[in-house]
Amino acid sequence: MGAAKERCPRAFMKPPACPAKLYSLGQNTQNHAPSLCLTVFMQPSAVPTPESLLALTFPSDPQLSPDGRQVAYVLSRVEEENPRKADKDWAKPRYKGQIWLADAEASQTAQASRPLTHGETGRGDSSPRFSPDGQTLAFIRSAGEVKAALMLLPLAGGEARRVTHFGQGIQAPVWSPDGAYIAFLTGGDEEDKRDERGEARVITQPRYRFNGRDWLPDTPPKLWLYAVQSGELREWHAPAQDLAGLTWQPDSGGVLFISSKDQKHAYQWKNEVYSLALGDTQPKQLTDWQSSLSAVVPHPDGQRLALVGRRAGKGNTENAHLYLWDAGKVMRLDAGHDHPVGNLVGGDCHVGAMPEKPVWLDDQTILFSSTVRGSCGLFQVSIGGEVSAYDHHPEEVIAGWTANAAGVALLRERATQFPEVELNGRRVTELGAALPFAVRAPKRLTFQNELGEGEGWVLLPDAPTAPALLSIHGGPHTDYGHAFVHEFQLLAAHGYGVCYSNPRGSVGYGQAWVDDIYGRWGSVDMDDLLNFFDRCLEQFPQLDRHKTGVMGGSYGGFMTNWITAHTRRFQVAITDRSICNLISFGGTSDIGLQFWTDELGLNFARRADAAKLWDLSPLQYVENVTTPTLIVHSVLDHRCPIEQAEQWYAALHLHDVPVRFVRFPSEDHELSRSGRPDRRIKRLHEYLDWLGQWLSPNGGRSAASAQPQL
């Protein structure tokens, strides 16, 4: 795809000072549950542990200044929820977000990058947004009883000023190009306390719960407007359906956003672009798109629009692409680029926002990110459809970025490099230098199928003989690749060979590769996974083919259940946020009303289709399972509801399969990637304990975990 732009590797910002005390797991002898106690972290260890998460600082949301000379970004580290009132028996580690500022033209001194805000443990400061003149930074603060308040900070000096006091907080603040207004969304002041009061909840809408949000409000968040000079706050528009992709017109005369005509169109992922002028309260529908949209970017002329989405008639298996809309006429800009727009490479060190909205560099060229095999880079495309690499390395992932004609700010990572912030090709953080463990490099392998070459990687331990784990990603239309994965580093350091790949259905290898599992989950995708795993065992003799495990989350959990129901070659399984019953999933998942239609061409509410969905459900074949299985699930996971784990657990018990079920309260589908730190640690200890019990090279439980068996 072309060589990456030359980048200066010199760093001029040291990692933020770590607190003198970090956390490590202790043991609560009274109830045999893990407790967190404060301890001093003295020296970096060569071996990562679940507690290593507590020593990491996670970068997110890099925002480029209008002149391209500065980047504001968020650093989230872990601290005790209330350092002044720490519970000596049960510590409460929480993320603390701070906004930092780096200057590209500053000398390499400690002052080159500095914290702008102090933040607050448990929530903190987030969403930094430069004013168009670069003199003021808007951001969101959550502290104590303050819920997501809009703040304004003068960058020349002075204290941040609070602008909003809504009981439900605000989201998605966007400056108008002339700097006169900030538009944002808010649910207002009324908080939903029906559950607290024990009231009945009356539901009339088809979608009423959503992963990461739990109960959806009866009415969507409203669009509000803040006039910067006068300080006036006013409600602008009360949408009937949720709106997203809020952006201003270039002339500051109004906004554009993405929404749906009604609830049915919303759950079918049929979106449209709407415009709302400053003097109006009701928007005008611009497009007749009738399909999924994730971003709208107005052309500098204010007439044409760049859109990211799928055309009508294309389902979830279709890669998202970049289109130019011109008075109703639509042209695909990236037609010569058979890869999806956006980063779909999975990693577990992304806490916070990862922006990736395309940007017009001038009136002829737009910049966008794209997943190519196991990497994600920046590409540019002309209005004529010519695509070229702007900043792409085949072994790197750009996880989040913003840009303008003056420069680019981004987050870059590798499988061996923790995510770092860059400004115009120059690294401004050295967060990886604070890693308390040595990092291992994966080995790449390829495999063949009817469509061509697939690829995967193996992370090897130091031991001469090691159990082998097959890890399966979720999606299914996501990607494993060159992102930094703490979990894989942890497993390899504790003696396991970690094998991970991109079977058919994964993105980054062309549309045909994605389409090939349409209507047939558990067929060619399983063939690819086992083919790749066999290649790993052949290529690396140190992997013990008699001590093997299979694991995965979401779709990867489905495949783990499916594989253990169709083969007995694995000695242990870990199924995380999984699916086992496709019929009940259809009626309980937040995406269930449409998901099987897009993925399999089936509908759980049709009798003939239900029979086919049952044929594709691991639960139908559960009597074949003999593999000891650890089930991990979160109570507030509405993407793959916990009833899926409950069914699999009950069925395995009925067939006398060794099984352990770990339920996490107050967590959702994102537990492994951005869940509460202590719960993420507990999850990893459960992984190590279960693997150690069934695969330990010494024939017993792993010494890496002190968790008791129930």
**Student:** Could you please spell out the steps behind the side chain to side chain donor-acceptor pair (under 3.5 Å) verdict for His669 and Ser554?
**Tutor:** CA-CA 8 Å; His669 202 64; Ser554 196; 3.0 Å; yes
**Student:** Under the side chain to side chain donor-acceptor pair (under 3.5 Å) criterion, do Gln364 and His299 qualify, and how do the steps go?
**Tutor:** CA-CA 9 Å; Gln364 294 294 311; His299 185 274; 5.7 Å; no
**Student:** So, are Glu318 and Arg310 salt-bridged, with charged N and O less than 4.0 Å apart?
**Tutor:** no
**Student:** Check whether any side-chain heavy atom of Arg162 lies under 4.5 Å from a side-chain heavy atom of Val146, and answer yes or no.
**Tutor:** yes
**Student:** Judged by atom type as modelled, is there a donor-acceptor pair below 3.5 Å linking the side chain of Gln168 to the main-chain atoms of Gly187?
**Tutor:** yes
**Student:** So Ser292 and Lys270, side chain to side chain donor-acceptor pair (under 3.5 Å) or not? Walk me through it.
**Tutor:** CA-CA 5 Å; Ser292 173; Lys270 292 181 178 180; over 6 Å; no
**Student:** Go through Arg304 and Asp363 one step at a time and tell me if the salt bridge (Lys or Arg N to Asp or Glu O under 4.0 Å) criterion holds.
**Tutor:** CA-CA 10 Å; Arg304 292 171 285 181; Asp363 62 359; over 6 Å; no
**Student:** Does the pair Lys96 and Asp125 meet the rule for a salt bridge (Lys or Arg N to Asp or Glu O under 4.0 Å), with working shown?
**Tutor:** CA-CA 8 Å; Lys96 174 180 179 177; Asp125 297 331; over 6 Å; no
**Student:** Can you tell me how far the CH2 atom of Trp360 sits from the CD1 atom of Ile383, to the nearest 0.5 Å?
**Tutor:** 4.5 Å
**Student:** If only atom types and distance count, is the side chain of Trp248 paired as donor or acceptor with the main-chain N or O of Val174 below 3.5 Å?
**Tutor:** yes
**Student:** Taking C-beta and beyond as the side chain, do Pro436 and Leu56 meet within less than 4.5 Å on heavy atoms?
**Tutor:** yes
**Student:** What about the rings of Phe488 and Tyr480, do their centers lie closer together than 6.0 Å?
**Tutor:** yes
**Student:** Name the one of Asn404, Val359, Val408 that satisfies side-chain contact (heavy atoms from CB on, under 4.5 Å) with Leu64?
**Tutor:** Asn404
**Student:** Can any side-chain N or O of Gln511 pair as donor or acceptor with the backbone N or O of Asn319 at less than 3.5 Å?
**Tutor:** yes
**Student:** Check whether the side chains of Asp348 and His486 place a donor and an acceptor atom closer than 3.5 Å, and report yes or no.
**Tutor:** no
**Student:** What I want to check is whether the side chains of Arg414 and His393 have a donor and an acceptor closer together than 3.5 Å.
**Tutor:** yes
**Student:** Angle between ring planes, Phe379 versus His337, binned at 30° and 60°: parallel, tilted or perpendicular?
**Tutor:** tilted
**Student:** Within the distance-only criterion (no hydrogens, no angle test), does the side chain of Thr429 pair as donor or acceptor with the backbone N or O of Val421 below 3.5 angstrom?
**Tutor:** yes
**Student:** Taking all atoms of both residues into account, what is the closest heavy-atom pair of Glu455 and Tyr509, and its distance?
**Tutor:** OE2-OH, 2.7 Å
**Student:** Atom CD in Glu396, atom CG in Leu410: separation rounded to 0.5 Å?
**Tutor:** 9.5 Å
**Student:** Could you tell me if the side chain of Val273 sits less than 4.5 Å from the side chain of Leu307, heavy atoms only?
**Tutor:** yes
**Student:** Spell out, as yes or no, whether a donor-acceptor pair under 3.5 Å connects the side chain of Glu667 to the backbone of Arg676.
**Tutor:** yes
**Student:** Within the 4.5 Å heavy-atom criterion, are Leu256 and Tyr274 side-chain neighbours or not?
**Tutor:** no
**Student:** State the CZ-CG distance between Arg311 and Leu293, to the nearest 0.5 angstrom.
**Tutor:** 9.5 Å
**Student:** Does a donor on one side chain sit under 3.5 Å from an acceptor on the other, for Ser506 and His477?
**Tutor:** no
**Student:** Determine yes or no for a side-chain-to-main-chain donor-acceptor pair under 3.5 angstrom, with Thr164 supplying the side chain and Phe166 the backbone.
**Tutor:** no
**Student:** At what distance, to the nearest 0.5 angstrom, does OG1 of Thr402 lie from CD of Glu356?
**Tutor:** 12.0 Å
**Student:** Does Ile170 offer a backbone N or O that forms a donor-acceptor pair with the side chain of Thr186 under 3.5 Å?
**Tutor:** no
**Student:** Do Glu235 and Lys222 meet the salt-bridge criterion of a basic N to acidic O distance under 4.0 Å?
**Tutor:** yes
**Student:** Ignoring hydrogens and angles, tell me if any N or O in the side chain of His339 forms a donor-acceptor pair with the backbone of Gly508 under 3.5 Å.
**Tutor:** yes
**Student:** Just by distance, with hydrogens left out, do His473 and Thr478 show a side-chain donor and acceptor under 3.5 Å apart?
**Tutor:** yes
**Student:** Would you mind telling me which of Leu322, Ile366, Val308 makes a side-chain contact (heavy atoms from CB on, under 4.5 Å) with Asp334?
**Tutor:** Leu322
**Student:** Are Asn271 and Trp289 packed together at the side-chain level, in the sense that at least one heavy-atom pair is separated by less than 4.5 angstrom?
**Tutor:** no
**Student:** Can you give me the closest heavy-atom contact between Phe484 and Phe418, atom names plus distance?
**Tutor:** CD1-N, 3.8 Å
**Student:** Under 3.5 Å, is there a donor-acceptor pair linking the side chains of Tyr95 and Glu79?
**Tutor:** no
**Student:** List the atom of Pro677, the atom of Leu54, and the distance in Å for their closest heavy-atom pair.
**Tutor:** CB-CD2, 3.9 Å
**Student:** Under the criterion side chain to side chain donor-acceptor pair (under 3.5 Å), which of His392, His482, Glu395 is the partner of Ser375?
**Tutor:** His392
**Student:** Look at Glu159 together with Arg161 and state whether they make a salt bridge at an N to O cut-off of under 4.0 Å.
**Tutor:** no
**Student:** Is Ser370 reaching over with its side chain to a backbone N or O of Pro340, donor-acceptor style, under 3.5 angstrom?
**Tutor:** yes
**Student:** Distance alone, cut at 3.5 Å: any donor-acceptor contact between the side chains of Tyr73 and Asp61?
**Tutor:** no
**Student:** Kindly compute the distance separating CG (Leu361) from OH (Tyr390), expressed to the nearest 0.5 Å.
**Tutor:** 6.0 Å
**Student:** Do the non-hydrogen side-chain atoms of Gln70 and Leu101 ever get within less than 4.5 Å of each other?
**Tutor:** yes
**Student:** With no hydrogens and no angle check, do the side chains of Ser369 and Trp401 hold a donor and an acceptor under 3.5 Å apart?
**Tutor:** yes
**Student:** State whether Arg412 and Asp391 are salt-bridged, where the test is any N-O pair (Lys NZ or Arg NE/NH1/NH2 against Asp/Glu carboxylate O) under 4.0 Å.
**Tutor:** yes
**Student:** Check each of Pro221, Ser259, Pro283 against Leu243 using the side-chain contact (heavy atoms from CB on, under 4.5 Å) test, and report the only one that passes.
**Tutor:** Ser259
**Student:** Would you say CD of Glu386 has more than 12 non-hydrogen atoms from neighbouring residues, nucleotides or ligands within 6.0 angstrom?
**Tutor:** no
**Student:** Using every non-hydrogen atom in the two residues, find where Asp479 and Gly374 come nearest and quote the distance to one decimal.
**Tutor:** OD2-CA, 3.3 Å
**Student:** Could you tell me whether the side chain of Thr365 reaches within less than 4.5 Å of the side chain of Val381, counting heavy atoms only?
**Tutor:** no
**Student:** Going by side-chain contact (heavy atoms from CB on, under 4.5 Å), Ile258 matches just one of Val296, Thr287, Leu246. Which one?
**Tutor:** Val296
**Student:** Answer yes or no: is there a side-chain heavy-atom contact under 4.5 Å between Leu223 and Leu185?
**Tutor:** yes
**Student:** Check step by step if ring pair (Phe, Tyr, Trp, His ring centres under 6.0 Å) holds for Trp175 and Phe130.
**Tutor:** CA-CA 8 Å; Trp175 288 89; Phe130 284 98; 9.9 Å; no
**Student:** When rounded to the nearest 0.5 angstrom, what is the spacing between CD1 in Ile99 and OG1 in Thr117?
**Tutor:** 4.5 Å
**Student:** Taking atom CZ of Arg69 as the centre, does the number of heavy atoms from other residues, nucleotides or ligands within less than 6.0 Å exceed 12?
**Tutor:** no
**Student:** Are Tyr226 and Tyr181 close enough that their ring centres sit under 6.0 Å apart?
**Tutor:** no
**Student:** Give a yes or no answer on whether the side chain of Asp362 reaches the backbone of Ala405 with a donor-acceptor pair at less than 3.5 Å.
**Tutor:** no
